[in-house]
Amino acid sequence: MSKLKIAIQKSGRLSENSLNLLKECGIKFPNGGGKLITEATNFPIEILFLRDDDIPQYVEQKVADIGIIGENVLVETAKQIETVEKLGFSSCRLSLAVPKEIQYTDLSYFNGKKVATSYPVILENYFQQNNIQAIIEFISGSVEIAPGIGLADGICDIVSSGSTLRSNGLKEVENVMYSQAVLVASEDLDFEKNQILQKLLFRIRSVQKAKENKYILLNAPNDKLDEIIKILPGMNSPTILPLAKEGWSSLHSVIGEDQFWDVIQELKNAGAEGILVVPIEKMIV
Ligand code: ATP
Ligand code: ZN
């Protein structure tokens, strides 16, 4: 039986999250130990450890069938590969930054200026769309030092908290794109490999769904149940179990992480007591 080959980043900001995702999907494999390739013991998949920038090319050339990369790398390398699923981790943004003492007003500042970046394709498109004529200087790493050493007037780089920019005397002035990790696949996977991919996707979605939701348990007097049920959406309708205490019930349901605090407040106001909220490991829908 054929195996699906997945390429993930060998070491960097995507590595740990990518490995965790596979583990949460119940896929077991020996610890890489610096190896280039390892094989899962309980799922038909091989894991290739590569530099993230190389992954799109390997997937396009079908050396790997699927891969996990940042959207920024996907767009920058512009390879013929498909995005299968957004994974919700390693979120960051690609931004333009200038020395903090610059009186920046708008994008026209960059007309005729030199901008250092590791993302020349994305930046070129962005400037073109906004009718800016700037000179793009490609640097493969440590872009944030470019203005300080006189190589450029500004930079376009990945930002998450902004602390790297600040410590290099820069300020963020424009957002060029948002990025998160995505699962990509080569085009036209054969039938068997596609079936393995669908199995993997089913697991990934169950893991993601579980993270977006919480299991909630609470106690309430029976005369308040109708009101409380209206507040709780649940997967279908909530489970209600009688408590040993006369006239009281225990209610179990699932609530979305995003509406969590609002729902809890409403439940309390409606008379719910002893509210417990627990994480869900997998959620099959
Ligand atoms: P490699 O050696 O594999 O080429 P790299 O130095 O190019 O690694 P990393 O810094 O590990 O890359 O970043 C990998 C990806 O993680 C980026 O392309 C981006 O999508 C995401 N990323 C980068 N910086 C951050 C950050 N500060 N927070 C969250 N995600 C980030
Ligand atoms: Zn890289």
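As the structure lists them, so they are numbered: ligands from 1, and atoms in each ligand from 1.
In this structure, the side chain of Gln208 engages the main chain of Lys86 through a donor-acceptor pair within 3.5 Å. Although no hydrogens or angles enter the test, the distance criterion places a donor-acceptor pair under 3.5 Å between the side chain of Lys171 and the main chain of Ile102. Between the side chain of Glu76 and the main chain of Ile122, a donor-acceptor pair closer than 3.5 Å is present. Between the side chain of Gln265 and the main chain of Asn269, no donor-acceptor pair closer than 3.5 Å is present. Using a distance-only test at 3.5 Å, with no hydrogens or angles considered, no donor-acceptor pair links the side chain of Asn131 to the main chain of Phe127. Between the Ser249 side chain and the Ile240 main chain, no donor and acceptor come within less than 3.5 Å of each other. A donor-acceptor contact shorter than 3.5 Å is absent between the side chain of Asn168 and the backbone of Leu170.
Applying the 4.0 Å criterion to heavy atoms of Asp53 picks out, from ligand 1, the atoms 4 (O), 7 (O). In summary, the atoms of ligand 1 found under 4.0 Å from a heavy atom of Val73, numbered by their order in the structure, are 18 (O). Which parts of ligand 1 touch Gly70 is read off a 4.0 Å heavy-atom cut-off, strictly below it: atoms 20 (O). Listed by number with element, the atoms of ligand 1 under 4.0 Å from a non-hydrogen atom of Gly12 are 11 (O). Interface atoms of ligand 1 facing Ile158, defined by a heavy-atom separation under 4.0 Å, are 17 (C), 19 (C), 23 (C), 24 (N), 25 (C).
Residue Ser15 places every heavy atom at 4.0 Å or more from ligand 1.
In this structure, a donor-acceptor pair under 3.5 Å is absent between the side chains of Tyr178 and Glu71.
From Lys224, atom NZ reaches atom CD1 of Ile231 across 11.0 Å, with rounding to the nearest 0.5 Å.
Using a cut-off of 4.0 Å between Lys/Arg side-chain N and Asp/Glu carboxylate O, Lys214 and Glu257 are scored as salt-bridged. Ionic pairing of Arg93 and Glu172 is present here: one or more N-O contacts between side-chain nitrogen and carboxylate oxygen are shorter than 4.0 angstrom.
Within 4.0 Å of atom 6 (O) of ligand 1, not a single protein heavy atom is present.
Among all non-hydrogen protein atoms, the one lying nearest atom 27 (N) of ligand 1 is Ser160 OG, 2.9 Å. Ranking the protein heavy atoms by distance from atom 14 (C) of ligand 1 puts Asp52 OD2, 3.3 Å first. Atom 21 (C) of ligand 1 has its closest protein heavy atom at Cys92 SG, 4.0 Å. The single protein non-hydrogen atom nearest to atom 30 (N) of ligand 1 is Ser90 O, 3.5 Å, given as residue, atom name and distance. Of the protein's non-hydrogen atoms, Gln9 NE2, 3.8 Å is the one closest to atom 9 (P) of ligand 1.
Between the choices Arg51, Glu76, Gln180, Arg13, the shortest heavy-atom distance to atom 16 (O) of ligand 1 belongs to Arg13. Considering each of Ser163, Ser91, Ser161, the one bringing a non-hydrogen atom nearest atom 29 (C) of ligand 1 is Ser91. Nearest to atom 17 (C) of ligand 1 by heavy atom, out of Leu74, Asn72, Asp157, is Asn72.
Looking at Glu71 next to ligand 1, no N or O pair under 3.5 Å apart turns up.
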Acceptor/donor pairs from residues 188-204 side chains to any protein atom, 3.5 angstrom cut, sequence neighbours excluded:
{"residue": "Asp190", "atom": "OD1", "partner": "Glu192", "partner atom": "N", "Å": "3.2"}
{"residue": "Asp190", "atom": "OD1", "partner": "Lys193", "partner atom": "N", "Å": "2.8"}
{"residue": "Glu192", "atom": "OE2", "partner": "Ser2", "partner atom": "N", "Å": "3.1"}
{"residue": "Lys193", "atom": "NZ", "partner": "Asp65", "partner atom": "OD1", "Å": "3.1"}
{"residue": "Lys193", "atom": "NZ", "partner": "Asp65", "partner atom": "OD2", "Å": "3.2"}
{"residue": "Asn194", "atom": "OD1", "partner": "Gln198", "partner atom": "NE2", "Å": "3.4"}
{"residue": "Arg203", "atom": "NH1", "partner": "Cys25", "partner atom": "O", "Å": "2.9"}

N/O donor-acceptor pairs under 3.5 Å from side chains in residues 54-62, not counting sequence neighbours:
{"residue": "Glu60", "atom": "OE2", "partner": "Gln80", "partner atom": "N", "Å": "2.9"}
{"residue": "Lys62", "atom": "NZ", "partner": "Glu187", "partner atom": "O", "Å": "2.6"}

With a cut-off of 3.5 Å and sequence neighbours excluded, list every side-chain donor-acceptor pair involving residues 135-161.
{"residue": "Asp153", "atom": "OD2", "partner": "Lys114", "partner atom": "N", "Å": "2.7"}
{"residue": "Ser161", "atom": "OG", "partner": "Ser163", "partner atom": "N", "Å": "3.2"}
{"residue": "Ser161", "atom": "OG", "partner": "Ser163", "partner atom": "OG", "Å": "3.1"}

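Neighbouring protein atoms of the Zn ion (ligand 2) (N, O or S, distance under 2.8 Å, waters ignored): Asp52 OD1, Asp53 OD1.
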